[in-house]
Amino acid sequence: MAAESWNRTALLVIDMQRDFIENEGPMLVKGGKEIVPNVIKAVQVARQRGILIVWVVREHDPLGRDVELFRRHLYAAGQVGPTSKGSPGAELVDGLVIREGDYKLVKTRFSAFFATHLHSVLQGAGINNLVITGVQTPNCIRQTVYDAVALDYQPVTVIVDATAAATPDIHLANVFDMKNIGVATPTLQEWTEFKA
C-alpha cells in the first residue's frame, strides 16, 4: 500500500472497553484480553503512518432505553448495565488512549455504521480503506465489516490477531466468512510490514 493511501485509511478500534475485556466484565469476550497488546501495537503503527484512528465504543443510557431488546433485562431494577454512559465499564482498557486528532464514535448496536454518522465522517475525510481491530468477531466486527463492504469501502482489512471472539473456533469461522467476501485478513505482523 503506497504512502499516499495511508491518509485514505482509518483504523477502527471496536469495543475495547472494560465490560468486554476485563475478567469481571459482565459482557466478557473470552479471547479479548489476549489481543490487547496487539491492538495497542496496531494503534501505534497507525499513528506512525498518519492513519485516522476511530474509537468505536458502546455507551448506553443508564436506564437501558437504547439497548437491544434482548439485553434490556441487564438494566432493570436500577442496576448499572453494561457500558452505561459514564460507568467504569464503558472506559477503554488500560493502554488504549484517545488522543487529540482521533475520532470517538458511540454506537448502540453491533455495526459501527448502524444509526451513526460514521459513513459521513469517513467520506468527508476522503477515507475508503478500513482496518478493523477489537471485539467480538461474530457480532460487532462482522456487522461493521459487512456494512463496510456494502458501502463499497475497499479494501476492508481485519487484523486476525488483533480481533477476537469467545473461542478461537468462532473467531476463525467468522474470519473465513469475511475472507470469502473479499476482506483482507493479515496478521498484525503482516499488516505492520506492508511497505508504505
Side-chain angles (χ1 to χ4, degrees), residues 10-47 51-76 78-118 121-122 130-145 147-148 158-168 170-171 174 188:
L11 174 72
L12 273 54
V13 183
I14 297 179
D15 290 356
M16 292 299 290
Q17 296 159 274
R18 294 180 190 277
D19 276 349
F20 295 113
I21 304 298
E22 294 188 348
N23 292 336
E24 65 283 355
M27 306 297 283
L28 176 67
V29 176
K30 287 201 173 73
K33 204 164 190 93
E34 66 193 45
I35 66 162
V36 172
N38 281 358
V39 175
I40 291 170
K41 173 77 171 155
V43 170
Q44 289 169 345
V45 171
R47 290 199 196 288
I51 290 171
L52 173 67
I53 297 163
V54 179
W55 300 92
V56 180
V57 295
R58 270 195 185 248
E59 283 182 7
H60 285 296
D61 169 61
L63 299 180
R65 291 171 290 197
D66 56 6
V67 178
E68 295 98 334
L69 294 177
F70 77 95
R71 286 186 175 149
R72 291 264 167 103
H73 67 282
L74 298 170
Y75 297 77
Q79 61 190 359
V80 177
T83 66
S84 288
K85 190 172 176 58
S87 72
E91 294 170 9
L92 293 170
V93 294
D94 290 346
L96 295 174
V97 180
I98 300 174
R99 290 196 190 158
E100 195 177 340
D102 296 350
Y103 191 81
K104 178 183 174 183
L105 180 96
V106 175
K107 66 180 174 69
T108 60
R109 293 293 184 268
F110 294 132
S111 174
F113 289 100
F114 183 81
T116 74
H117 46 269
L118 178 60
V121 168
L122 295 174
L130 296 184
V131 180
I132 314 287
T133 61
V135 293
Q136 72 167 321
T137 329
N139 298 350
C140 300
I141 303 297
R142 183 178 174 126
Q143 286 284 111
T144 298
V145 163
D147 282 352
V158 173
I159 302 180
V160 288
D161 52 356
T163 47
T167 71
I170 293 170
H171 178 62
N174 282 278
L188 176 63

Which donor-acceptor pairs under 3.5 Å do side chains of residues 78-86 form with protein atoms, sequence neighbours excluded?
residue : atom : partner : partner atom : Å
Gln79   : NE2  : His73   : O            : 3.4
Gln79   : NE2  : Leu74   : O            : 3.0
Ser84   : OG   : Gly81   : N            : 3.4
Ser84   : OG   : Gly81   : O            : 2.8
Lys85   : NZ   : Glu59   : OE1          : 3.3

* When rounded to the nearest 0.5 angstrom, what is the spacing between CD in Glu91 and CD in Glu22? -> 9.0 Å

* Structure fact -> CE of Met27 to CG of Asn139, rounded to nearest 0.5 Å, is 9.0 Å

* Could you pull out the closest heavy-atom pair between Ile170 and Ala165, with the gap in Å? => CG2-CB, 3.8 Å

* Structure fact -> Output for pair (Ile132 CD1, Thr137 OG1), nearest 0.5 Å, gives 11.5 Å

* Asked: Under the side chain to side chain contact (heavy atoms under 4.5 Å, CB included) criterion, do Trp55 and Asp102 qualify, and how do the steps go?
  -> CA-CA 8 Å; Trp55 300 92; Asp102 296 350; 3.0 Å; yes

* Please report the closest heavy-atom contact between Ala42 and Leu11, naming both atoms and the distance. => O-CD2, 3.8 Å

* Asked: Quick check: does any side chain N or O of His171 sit under 3.5 Å from a backbone N or O of Val160, one acting as donor and the other as acceptor?
  -> yes

* Asked: Atom CE in Met16, atom CG in Leu96: separation rounded to 0.5 Å?
  -> 5.5 Å

* Asked: Just wondering, are more than 12 heavy atoms of other shown residues or ligands nearer than 6.0 Å to NZ in Lys33?
  -> yes

* Specify the closest pair of heavy atoms between Lys104 and Val57, including all atoms of both residues, with the distance to one decimal. => CE-CG2, 3.7 Å

* **Asp94 and Arg18 ion-paired at < 4.0 Å** => yes

* Close side-chain approach of Ile141 to Ile14, heavy-atom, < 4.5 Å -> yes

* Asked: Does any pair with a residue in residues 105-118 pass salt bridge (Lys or Arg N to Asp or Glu O under 4.0 Å), and if so which ones, sequence neighbours excluded?
  -> Asp15-Lys107

* Smallest separation among heavy atoms of Asp161 and Asn38, with atom names -> O-ND2, 2.8 Å

* Asked: How long is the gap from CG on Leu122 to CG on Leu52, to the nearest 0.5 Å?
  -> 7.0 Å

* Asked: Within a strict 4.5 Å, meaning less than it, do heavy atoms of the Leu63 and Tyr75 side chains meet?
  -> no

* To do: List the steps and the verdict of side chain to side chain contact (heavy atoms under 4.5 Å, CB included) for Val56 and Tyr103.
  => CA-CA 9 Å; Val56 180; Tyr103 191 81; over 6 Å; no

* Going through the checks in order, is the side chain to side chain contact (heavy atoms under 4.5 Å, CB included) test met by Glu68 and Phe110? -> CA-CA 10 Å; Glu68 295 98 334; Phe110 294 132; 4.2 Å; yes

* **Shortest non-hydrogen contact between Asp19 and Ala90, atoms and distance** => OD2-N, 4.4 Å

* To do: Give the minimum heavy-atom separation between Ile21 and Leu28, together with the two atoms involved.
  => O-CD1, 3.5 Å

* Asked: So, do Leu118 and Asp147 sit near enough that their side-chain heavy atoms are less than 4.5 Å apart?
  -> no

* **Exam field: side chain Arg58 to backbone Val106, donor-acceptor pair closer than 3.5 Å** => no

* Structure fact -> In this structure, CD of Gln136 is separated from OG1 of Thr167 (nearest 0.5 Å) by 9.5 Å

* Asked: Passes side chain to side chain contact (heavy atoms under 4.5 Å, CB included), Val13 versus Val39? Steps please.
  -> CA-CA 8 Å; Val13 183; Val39 175; 3.8 Å; yes

* To do: Would you mind reporting whether Val145 and Val158 have side-chain heavy atoms less than 4.5 Å apart?
  => yes

